[in-house]
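The structure appears right after this line, and notes come after that.
All of these numbers come straight from a predicted model, not from anything done at the bench. Letters A, B, ... mirror the listed sequences (proteins, then strands); counts begin at 1.
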There are 2 protein chains.
Amino acid sequence: MEVKTLCLGVLNLGAASGYEIKKKFEDSPVGDFMEASYGSIYPALTKLTEEGLVTCEAQAQEGRPDKKVYSITEKGKAAFVSAMSVSPSEDKYRSEFAFMMLFADLLAPHQVSHLIDLQILRYRQKQVEERFQLLPPESRSAQFLEGYGQAVFAAAIKYLEENRHLVEARPNGKTQTAAAATKEAATA
Amino acid sequence: MEVKTLCLGVLNLGAASGYEIKKKFEDSPVGDFMEASYGSIYPALTKLTEEGLVTCEAQAQEGRPDKKVYSITEKGKAAFVSAMSVSPSEDKYRSEFAFMMLFADLLAPHQVSHLIDLQILRYRQKQVEERFQLLPPESRSAQFLEGYGQAVFAAAIKYLEENRHLVEARPNGKTQTAAAATKEAATA
DNA sequence: GGGCCTATATATCGGTCTGATAGAGACAGG
DNA sequence: CCTGTCTCTATCAGACCGATATATAGGCCC
């Protein structure tokens with residue numbers, strides 16, 4: 001899914017500037033599933049304007065640069081509905097933390113524990129994070145999305161708490177060196 | 001995390017060609033959390049060789065182009081351990097499906113149901129997918145990683161099944177057209 | 001008042017990564 | 001025999017991220 005499509009989606013819910021589009025991703029539950037940087041939002045809005053899918057109205061402001069408020073056109077709405085009709089690509093869960101856990105035996109035990117603590121903390125913060133709603137709170141779509149994220153976060157926390165011993169425990173209670181690992185592999 | 005680091009990690013578990021590195025991501029549980037394309041793996045291996053972090057040995061093969069088997073050096077191992085010592089970036093869960101659900105009211109009801117069916121099916125396939133292990137199956141790291149992915153998949157499926165009615169149900173039981181949506185918004 | 005952080009707001013840019021594509025022989029199935 | 005799948009390397013356009021620049025207002029601490 002291109003950033004152009006993401007922008008059309010947000011603008012479909014109401015006019016906004018490039019800055020506001022970014023903020024909406026950061027501060028609403030959509031941000032758990034999709035994001036975009038300024039470096040892709042601004043060029044996308046320019047292209048969308050050229051293609052006639054959005055219109056731009058510059059609002060003069062004191063001090064700050066003009067606020068360019070973008071609105072979706074009928075043509076833009078049609079393009080968005082059309083983009084929503086193609087099959088979505090598969091979900092991607094990217095986690096450097098998980099990758100690092102594969103190599104837990106290269107790290108000192110306290111480092112592993114610290115990483116897991118940090119990971120759980122991050123998920124807990126996501127659970128309590130206050131967010132404004134992109135759609136009205138009573139919207140079923142918004143509820144569905146919010147709950148989807150929360151369900152995944154809760155599952156991750158639960159798993160980490162219940163299974164952290166797998167990577168924290170040491171077979172013989174001492175730090176595993178490269179030499180020890182080789183020896184172990186040989187006997188296995 | 002750069003692709004160079006991902007390659008070092010895989011090579012740390014055993015020598016491999018660029019092709020094999022890609023396959024290992026696809027066919028093992030690590031692929032649930034990290035991935036890389038050929039377009040980034042091959043240049044990464046070239047750079048790693050230049051930097052002396054890996055060595056390359058070309059094995060002549062009948063018919064096929066030479067198989068370039070890369071092995072990690074001591075310098076490479078040190079670099080990898082060093083890379084594992086920096087704090088991981090936050091997990092990212094990217095889902096076009098979730099984004100589309102925000103706009104469920106723009107889609108025909110049967111399309112929404114179809115999307116959810118497809119999503120559940122994809123997760124079920126991930127649950128039963130046969131994978132070879134990057135590390136020996138009895139490795140606790142491998143178990144931890146495999147379980148982490150499975151826990152998240154299971155939670156996603158459970159949530160989708162229990163809450164799909166939120167986006168499938170219609171307030172008045174009829175297909176919502178653009179005109180109907182406008183009318184509804186006016187009365188709300 | 002000075003220093004500093006945060007927020008609003010647009011915009012650019014180097015470097016990185018993806019996804020598609022190409023080429024080329026092997027090997028299996030219909 | 002032909003088509004598809006597999007192994008293997010490799011490239012490239014286009015998309016995207018993260019950092020940075022610029023400029024101003026407002027709040028906070030000392």
**For DNA chain C, the residues among residues 36-48 of chain B that have a non-hydrogen atom under 4.0 Å from it** = B/A36, B/S37, B/G39, B/S40, B/K47
**Item:** Residues in contact with DNA chain C, drawn from residues 3-19 of chain B - heavy-atom cutoff 4.0 Å
**Value:** B/V3
For [X] and [N], what is the distance between atoms [atom1] and [atom2] respectively, to the nearest whole Å?
X     : N      : atom1 : atom2 : value
B/E20 : D/dC6  : CD    : C1'   : 13 Å
B/E26 : C/dG19 : CD    : C1'   : 13 Å
A/E35 : D/dC17 : CD    : C1'   : 10 Å
A/Y70 : C/dA9  : OH    : P     : 13 Å
B/M34 : C/dT16 : CE    : P     : 17 Å
A/E2  : C/dT18 : CD    : C1'   : 13 Å
A/K24 : C/dA7  : NZ    : P     : 18 Å
B/I21 : D/dA10 : CD1   : P     : 12 Å

**Request:** Measure the shortest side-chain to side-chain distance between B/E20 and B/K67 over non-hydrogen atoms and say whether it is less than 4.5 angstrom.
**Result:** yes
**Asked** Is the shortest side-chain N/O distance from B/K68 to OP1 or OP2 of D/dA10 below 4.0 Å?
**Response** yes
I'd like a table of donor-acceptor pairs (distance under 3.5 Å, sequence neighbours excluded) in which one partner is a side-chain atom from residues 150-161 of chain B, with atom names and distances.
from: B/Q150; atom 1: NE2; to: B/E146; atom 2: OE2; distance (Å): 3.4
from: B/Y159; atom 1: OH; to: A/F144; atom 2: O; distance (Å): 2.7
from: B/Y159; atom 1: OH; to: A/Y148; atom 2: N; distance (Å): 3.4
from: B/E161; atom 1: OE2; to: B/R124; atom 2: NH2; distance (Å): 2.4

**Message:** Nearest heavy atom decides the nucleotide; on that basis, is B/V69 or A/M1 closer to the 5' end of DNA chain D?
**Reply:** B/V69
**Request:** Quick one: closest heavy-atom pair of A/Q143 and B/L166, and the distance?
**Result:** OE1-CD2, 3.8 Å
**Request:** Have a look at B/K22 and say if it touches a base, only the backbone sugar-phosphate, or nothing, with a 4.0 Å heavy-atom cut-off.
**Result:** nothing
**Prompt:** Which other residues end up in the same hydrophobic cluster as B/Y38, if Ile, Leu, Val, Met, Phe, Trp and Tyr are linked when side-chain heavy atoms come under 4.5 Å apart?
**Reply:** B/Y19, B/Y42
Can you give each donor-acceptor pair under 3.5 Å made by side-chain atoms of residues 1-16 of chain A, sequence neighbours left out, with the distance rounded to 0.1 Å?
from: A/K4; atom 1: NZ; to: A/E51; atom 2: OE2; distance (Å): 3.0

**Message:** Need the bend value for the helix from C/dG1-D/dC30 to C/dG30-D/dC1: angle between end axes, 5 pairs each end, nearest 10°.
**Reply:** 40°
**Prompt:** Listed by chain and number, what are the ring pair (Phe, Tyr, Trp, His ring centres under 6.0 Å) partners of B/F25, not counting sequence neighbours?
**Reply:** none
**Prompt:** For B/F97, what residues pass the ring pair (Phe, Tyr, Trp, His ring centres under 6.0 Å) criterion, not counting sequence neighbours?
**Reply:** none
**Request:** Output all residues satisfying salt bridge (charged side-chain N to carboxylate O under 4.0 Å, His left out) with A/K24, sequence neighbours left out; order by chain, then residue number.
**Result:** none
**Prompt:** Mind checking what makes side-chain hydrogen bond (donor to acceptor under 3.5 Å, both in side chains) contact with A/T73, not counting sequence neighbours?
**Reply:** none
**Complete:** Hits for side-chain contact (heavy atoms from CB on, under 4.5 Å) against B/P43, two or more places apart or cross-chain, chain-then-number order -> none
**Request:** Could you name each residue pair satisfying side chain to side chain donor-acceptor pair (under 3.5 Å) that touches residues 85-94 of chain B, not counting sequence neighbours?
**Result:** A/D91-B/Y93, A/Y93-B/D91, A/S95-B/D91, A/E96-B/S89, A/Q119-B/D91, A/Y123-B/D91, B/Y93-B/Y123
